[in-house]
A.B. asks: 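So that we are looking at the same thing, I have put the structure below in structure tokens.
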Amino acid sequence: GKEDLSTDADASAPRVALVMKSLANEFFKTMADGAEAHQKASGGAYALIVNGIKDERDAAQQVTLVESMIAQKVDAIVIAPADSKALISVCRRAMDAGIVVVNIDNKLDAAILEKEGTRIPFVGPDNYEGAKMVGLEMAKHLSAGDEVAILEGVPTAFNAQQRRKGFEEAMAESGMKIVTVQSAQWETEKANTVASAILSEYPNLKAILASNDSMALGAVAAVKAADRVGQVAVVGFDNISAVQPMLEDGRILATADQHADQLAVYGIEYALAILRDTVTPEDKQTPVDLIVPSEK
Amino acid sequence: MKQAGNQRHWLSFGIEHLGMLGILIVLITFFGFSTDSFFTPSTFKMLYNQIPSLTVIVVGMTFALVVAGIDLSVGSVAALSGTLAGVAMTQWEWSLPAAALAALLTGLLCGAVNGVISVLWSVPSFIVTLGMLEIARGAAYWVANSQMIYIGAPVEWLAEPMGALGLSPAFIVAFALVVIGQIVLVQTVFGRYAIAIGTNEEVVRLSGVDPRLPKIAVFALSGLLAGLGGLFYAARLSAADPNGGVGLELSAIAAVVIGGTSLMGGRGSVVNSFIGVLIISVIEIGLIQIGATEPIKRIVTGVVIVLAVVADVYRRKLYETMD
Amino acid sequence: MKQAGNQRHWLSFGIEHLGMLGILIVLITFFGFSTDSFFTPSTFKMLYNQIPSLTVIVVGMTFALVVAGIDLSVGSVAALSGTLAGVAMTQWEWSLPAAALAALLTGLLCGAVNGVISVLWSVPSFIVTLGMLEIARGAAYWVANSQMIYIGAPVEWLAEPMGALGLSPAFIVAFALVVIGQIVLVQTVFGRYAIAIGTNEEVVRLSGVDPRLPKIAVFALSGLLAGLGGLFYAARLSAADPNGGVGLELSAIAAVVIGGTSLMGGRGSVVNSFIGVLIISVIEIGLIQIGATEPIKRIVTGVVIVLAVVADVYRRKLYETMD
Amino acid sequence: MPSIANGTSRLQIHQLSKSYAAPVLRDVTLTLAAGEVHALVGANGAGKSTLARIVAGITKPDGGDLSLDAHPYAPRGRGDAESRGVFIVMQELNQIGTLSVAENLFFNRLPRRWGFMRRRNLLDQAREALRTVGLDSLNPWTPMERLGVGQRQLIEIAAALSRECKWLILDEPTAALTDPEIHHLFEHIQRLKREGVGMIYISHRMDEIRQIADRITVLRDGEVAGRFESGRVASDELIRVMVGREAIDTTPSRRSVRGSVALRVEGLCAGKRVQNVSFQSHYGEILGLSGLVGSGRSETMRAVFGADGVEKGAVYREDRPQPVRIRRPADAVRAGIGMIPEDRRQDGLLLPQSIRINSTLARLEEIAWGNVWLHKKRERDWVETWREQLDIRCESTLQLVGRLSGGNQQKVLIARWLMRDCPVLIFDEPTRGIDVGAKAAIYRLLHELTAQGRSVIMVSSDLEELQAVCDRILVMSAGRVAGEFSRGHWSRDALMDAAFSGYMERRTGG
Ligand SMILES: Nc1ncnc2c1ncn2[C@@H]1O[C@H](COP(=O)(O)OP(=O)(O)OP(=O)(O)O)[C@@H](O)[C@H]1O
Ligand SMILES: Nc1ncnc2c1ncn2[C@@H]1O[C@H](COP(=O)(O)OP(=O)(O)OP(=O)(O)O)[C@@H](O)[C@H]1O
Ligand SMILES: [Mg+2]
Ligand SMILES: [Mg+2]
């Protein structure tokens, strides 16, 4: 098969499929790159097939991806589900076909897994805790009662909901006032528009909490365009490379690093371990680190 | 040129559609040689079961394009219908038939509104359906409270492969609708009016035929089929996704246009639109199986779409000089 | 009806555009009364600085629609040009002028390829530019290695408000292009040929005027302006996003069609397209400021788009009986 | 130019042939000398327009060659032909509706400077050109799509007349014109003759041919069937050569049996062109509608048929006291009124569709089982019947209408409405571009229709035709009914006076 060209493994080595969300998204790309590096370093202990969908929101396309992997009779599927509910049945079908399935990044809905009587181990970070951490870090720079706004991701996405909850919890704990929560669909450009409008609507706004760094970037540009640099703080999530300069000079106060490069690797190692029958499926937490400007 | 007015011989019908099929076969062969796992029953099973929702939507879109209209709202209407069915089944505890009916009626209603506004107020259908794209999406969020709704077993059987060939009920329905759609377009008064309206609406009007009703019917039909597509989409995911079907209109229009239907109206073929769907899906699945990277996937998809149509243009020219 | 052939009096020109402006003013007034902060200089400053990229793209799109074509690739081409400029400035350490030139040339190239393929092989521009949509997107991922690229100060000044009115260089350029575009459409031979080609390409050919060159030029122009739009995006965000501009083609076409340009070609007005951009942006910003929830935002946007065009249809009818 | 002065300048067509699906031109040889009017006649589909298009560089021939003053002449396109001084006024109107009259007049040579249109220049030139065809009062910036067919035809002629031409081909230039305009055109033709321009003149109107042709070539099925070295030929003889059999009676006599009132129009006002128009038409009679180009004949009929909005007035059927509500053509057809529009290409035919689809459009339900399922065999049979009746020349009834010759296109349109069979039938310029043979067939049909008790209203620009066919003629002038004449009570002069009256009044009154 063609996939053997991209990976060099023994014919007998297990074949692991990594099913991502959009590989055009830096976060998932980093994840995939990390996994590929790991596979190379493993010296052919397993073969890796990496695939992603075109549009992060398109759960149906990811179902096709998983079906395609079932068709290719891979040994294990490590999946970052585009949706926490819609992917459950196809994962169950994969397991029915004797494939080991490990869930990473975005946790499948526990209640439905329960209802379906399926157990799929989750390896990944706690988005809620991560967001809360970022929120609390930001609160240090503000005083109680300050107005803040939240830029949400795609509202139907589980991790978007978790991050929003985390932010809200942190703001509640530190006594901030959330004036508005608006979705910018994870997109920079959209975030810029939304943030601009919010800034003009709320002249006393002190901070914008963005559910990912792409949106944070858009918010930073909006703050600049509104001439309120230094008056409005911005935080993000994911620690992508483009926000590094902003972390340096404090235009972004904090972000969270989920160790994208290791996230998939954890999942793959876990899948391999299950294949070797050494572990029973259990959820596993991966670290989320708070990233703050280095100087100061 | 020929599909619509095509009534000469079954032979020419064959050549017409076989031509499009040829391009499809080239693609399948290419992927077959590129990766071992492509030529397996499971690939084709997957193909069958992936396409029903797009297929039924494309049937309606073909009619919309034939009357020189366009329906941009199909993705949102599908999402709205699907979520409504999902909410009905999970929260209001309706049975599948009742929920399905509600979904279809919702689709029909959205489509009828598109048609009535665009026809009676002579607003371009592009704008009306663009408005509906936003409205139906908003309604879907509202119905589902912006949550994906897990439905599970009650709808899944619709998408479950059955029998030796592994065809799902959804696929069978979709395929039947393609056949019916083609027959309606070629063999019925309604289809003939649709083609005539798309060619020159004023001529139809001056022939004493009121073009408004057929036009409204076409949009209502497109809405209805989008509703069905939403149901199939939910069946496939076992869940109703208020965010689903974003950008579906472009895929649907692309499939129809690849199938040779003109955006300017007046000619089209439902069967060729279906082949357009197959071409798009084969490219998609083939590239997944080859394990292409994202940039390569995009570039190859783009190039193949253009080449498919260029090949079709040449084939048609050849065919025309022949005839 | 009138824009294209409109050369009778400057008065009728005024009525034509003032009509569209009327709808815009109604919207602004509505939002002004709905939220205190709408009628503030900062809102308008924001509006100015939000729209340059969409505006320049819409200028090109108007021409594409006037010749009865369509350009679906604008979003991807903008992303490709923007990322290319970003990579050139950050990784290859080019100066802004050099990088900007590269971005514009990339856009021009993409557009020219669209035009040449669609004209010489007579493939519908819908398909060719859909292919380019995929290809340019893939190329953008490839150039940027799928990463967002932070550029920072070197491009930011383009989007920075200047002077008392707070207009950015990007806005001034965009506005100038709208004016130039309108003049080109109405006053130049090229513009008249574009309208003629969109009305009836065959008649143009029979008249001994080769329609191919103007058509290719129109697509090249649209590509070039998409490249400029990409640059303006990068300036506004201080960053180049290979994922940016998804779905931009629909917004651009919507703005043009709201402005009364026909999808069937032969009629159009760049100024009205610009007002279309303003209408879309005012709705978007107004709804955010009102603090509408996502479902409401969507529904209101949809309804207003349709109403704006319905109102325009009535206004035009009134105007026609008047005249 | 010396060559013109001594009369040796020649456009030679040698053994020209062309085929589409079937041969259209076969070894046609023809010589056109400077300063002569060479008439080309033949039945519909004989290949006249094809020949004209080849000479004008629009169509490529398959075989044979052309020469100009003994130099080989093989134009690569219309522009190329024009640069050699060869111009054409095509049979079909080729204009851009969304552009103005001025821009259309000078479309392929818009005056420009640095890419900008020189509007002032264009305006002056356009005024000048419009004056040559008597359209002085038309605003050159009027969008083309607002004009009627007659005016558009005049503008096509004006465009050609404004060129420095050496050779001019006029393909049925007068089909939509009335006598004064034709007279005007002929004056220009005489002037051009004097200036040494060689002209090919295509027409189905025999009187015109007799009046201006110096020589005549008859085409039949793509071959030269006869040549006459003088224009003075008896029509009968000409027609015999054209159709290849004995001359047909082109003006059949008839007895009219005037029945009761079929249609009554009262105080109709629509737009600027229809002002307070009232008339009646009876069963069993043919009512003619005459008037100058732009006098509002077509607009009146469109208003009656519901094609355009009506501001005031009512339409009654028979002697019913209640008017029929006609808001759109479908209402009119339901009330038993049918109309054949004058602009066949824009309002009449679905050009990229087959003859079958076009001719059954108005009566589709009846060839369908249960109003739903198309009965294709029945459709074919019906269409075949009418094809024979009207002698539509085509390869098969599946041929696309856009590829038919102009006259045959017109016949397809007529077939549609004859098939629909309405008690009241309005024909707007039904014989535009139709050959003598088929004209006779159509007149016979009209008579049959009235004999069966139908009411026919016929708008025509051909006064002779109206006088030959109608029982009563209504003359419109400047949007009003300016006179009504019964058979036996009209004369050419009286009709013309009525046609001009509206414009005279305005001039003296204003
Ligand atoms: N593009 C085309 N494709 C196929 N057939 C064509 C095409 N153009 C013309 N024909 C055929 O060529 C024949 C001659 O057409 P042409 O227009 O020259 O006739 P004509 O003598 O001008 O007739 P008319 O008096 O009706 O104008 C017709 O039978 C017509 O169907
Ligand atoms: N000076 C003018 N300016 C603008 N439009 C004009 C002018 N004169 C005439 N028209 C238009 O020309 C058309 C003439 O009307 P109509 O077609 O009913 O006349 P007709 O007698 O049938 O003449 P035709 O022979 O042109 O068909 C109308 O559409 C009218 O609006
Ligand atoms: Mg002819
Ligand atoms: Mg007329």
Side-chain angles (χ1 to χ4, degrees), chain A residues 22-30 32-33 52 54-57 149 152 154-156 179-203 213-214 217-222 224-228 238 240-246 248-249 251, chain C residues 35-38 40-51 53-54 79 86 90 134 137-138 140-141 144-152 156 159-161 166 168 233 235-248 281 284-295 297:
Chain A
S22 171
L23 283 180
N25 178 312
E26 179 170 355
F27 181 70
F28 295 103
K29 180 93 178 0
T30 312
D33 289 348
K54 190 165 143 184
D55 179 342
E56 279 183 53
R57 284 165 289 191
E152 211 188 352
V154 172
T156 51
V179 288
T180 183
V181 179
Q182 302 244 3
S183 169
Q185 312 282 333
W186 299 128
E187 290 166 20
T188 311
E189 202 273 324
K190 187 102 200 219
N192 182 262
T193 306
V194 174
S196 298
I198 292 176
L199 284 168
S200 122
E201 176 75 14
Y202 301 101
D213 281 346
S214 299
L217 229 114
V220 167
K224 179 155 190 300
D227 250 341
R228 279 155 78 179
D238 285 347
I240 65 173
S241 59
V243 299
Q244 299 312 316
M246 304 188 169
E248 302 273 291
D249 59 21
R251 276 179 290 170
Chain C
T35 163
D36 294 341
S37 51
F38 193 85
T40 55
S42 73
T43 301
F44 290 94
K45 221 196 262 178
M46 175 177 58
L47 189 64
Y48 296 151
N49 296 317
Q50 206 78 185
I51 56 173
S53 32
L54 185 58
T90 56
E134 298 284 341
R137 183 65 64 185
Y141 290 152
N145 197 20
S146 299
Q147 304 216 334
M148 169 122 31
I149 297 150
Y150 178 76
I151 312 176
E156 275 171 12
E160 218 118 281
S168 64
Y233 264 113
R236 179 149 70 89
L237 301 175
S238 324
D241 182 0
N243 264 313
V246 172
L248 189 60
S281 304
E284 188 178 354
I285 291 174
L287 285 173
I288 296 171
Q289 295 207 345
I290 285 184
T293 63
E294 191 68 20
K297 261 189 211 167

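Please read these numbers as outputs of a predicted model, since none were measured by experiment. Residue numbers begin at 1 in each chain, while the letters A, B, ... track the order of the sequences.
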A.B. asks: Which pair of heavy atoms, one from Ala197(A) and one from Met46(C), lies closest together, and at what distance?
C.D. replies: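 Closest approach of Ala197(A) to Met46(C), heavy atoms only: N-SD, 3.2 Å.
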A.B. asks: Looking only at non-hydrogen atoms, find the nearest pair between Tyr150(C) and Pro245(A) and report the distance.
C.D. replies: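 Nearest heavy atoms, Tyr150(C) then Pro245(A): CD2-CG, 3.2 Å.
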A.B. asks: Against chain C, label Glu189(A) side chain, backbone, both or neither, depending on which of its atoms sit under 4.5 Å from a heavy atom there.
C.D. replies: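 For Glu189(A), heavy atoms of backbone and side chain both lie under 4.5 Å from chain C.
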A.B. asks: Using non-hydrogen atoms and a 4.5 Å limit, figure out which bit of Ser214(A) sits close to chain C: side chain, backbone, both or neither.
C.D. replies: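 Looking at Ser214(A), backbone and side chain both touch chain C.
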A.B. asks: Do Val243(A) and Met148(C) come close enough that some side-chain heavy atom pair is under 4.5 Å?
C.D. replies: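 No, their side chains stay 4.5 Å or more apart.
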A.B. asks: Checking Ala226(A) against chain C: side chain, backbone, both or neither under 4.5 Å from a heavy atom?
C.D. replies: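 For Ala226(A), no heavy atom lies under 4.5 Å from chain C.
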A.B. asks: Among the options Thr293(C), Leu237(C), Ile285(C), Ile149(C), pick out the one with the most heavy-atom pairs lying under 4.5 Å from chain A.
C.D. replies: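 When all of Thr293(C), Leu237(C), Ile285(C), Ile149(C) are compared, Leu237(C) has the most.
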A.B. asks: Count the heavy-atom pairs under 4.5 Å between each of Thr180(A), Val194(A), Thr193(A) and chain C, then report the option with the highest count.
C.D. replies: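 Max contact count across the listed options: Thr193(A).
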A.B. asks: Carefully, step by step, assess Glu294(C) and Ser183(A) under the rule side-chain hydrogen bond (donor to acceptor under 3.5 Å, both in side chains).
C.D. replies: CA-CA 7 Å; Glu294(C) 191 68 20; Ser183(A) 169; 4.6 Å; no
A.B. asks: Measure Leu199(A) against the heavy atoms of chain C and call it side chain, backbone, both or neither at under 4.5 Å.
C.D. replies: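 Leu199(A) has no heavy atom closer than 4.5 Å to chain C.
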A.B. asks: Nearest 0.5 Å, please: how far is CG in Asp241(C) from OG1 in Thr188(A)?
C.D. replies: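 Nearest 0.5 Å value for the OG1-CG distance: 4.0 Å.
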A.B. asks: Between atom CD of Gln289(C) and atom CD of Gln182(A), what is the distance when rounded to the nearest 0.5 Å?
C.D. replies: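 So the CD of Gln289(C) and the CD of Gln182(A) are separated by 10.0 Å.
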A.B. asks: Main chain of Ser241(A), side chain of Gln147(C): is a donor-acceptor contact present, judged purely on distance under 3.5 Å?
C.D. replies: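 No, because the side chain of Gln147(C) does not come within donor-acceptor range (under 3.5 Å) of the backbone of Ser241(A).
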A.B. asks: So which part of Asn49(C) gets closer than 4.5 Å to some heavy atom of chain A, the side chain, the backbone, both or neither?
C.D. replies: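 Contact with chain A is absent: no heavy atom of Asn49(C) under 4.5 Å.
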A.B. asks: Quick one, Asn145(C) and Lys29(A) - any side-chain contact, counting heavy atoms below 4.5 Å?
C.D. replies: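 Side chain of Asn145(C) against side chain of Lys29(A), heavy atoms only: contact under 4.5 Å found.
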A.B. asks: What part of Ala292(C) is in contact with chain A, defined as an atom under 4.5 angstrom from a non-hydrogen atom: side chain, backbone, both or neither?
C.D. replies: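 The answer is the backbone of Ala292(C).
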A.B. asks: So what's closer than 4.5 Å to chain C heavy atoms on Arg251(A): side chain, backbone, both or neither?
C.D. replies: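 Contact with chain C is through the side chain of Arg251(A) alone.
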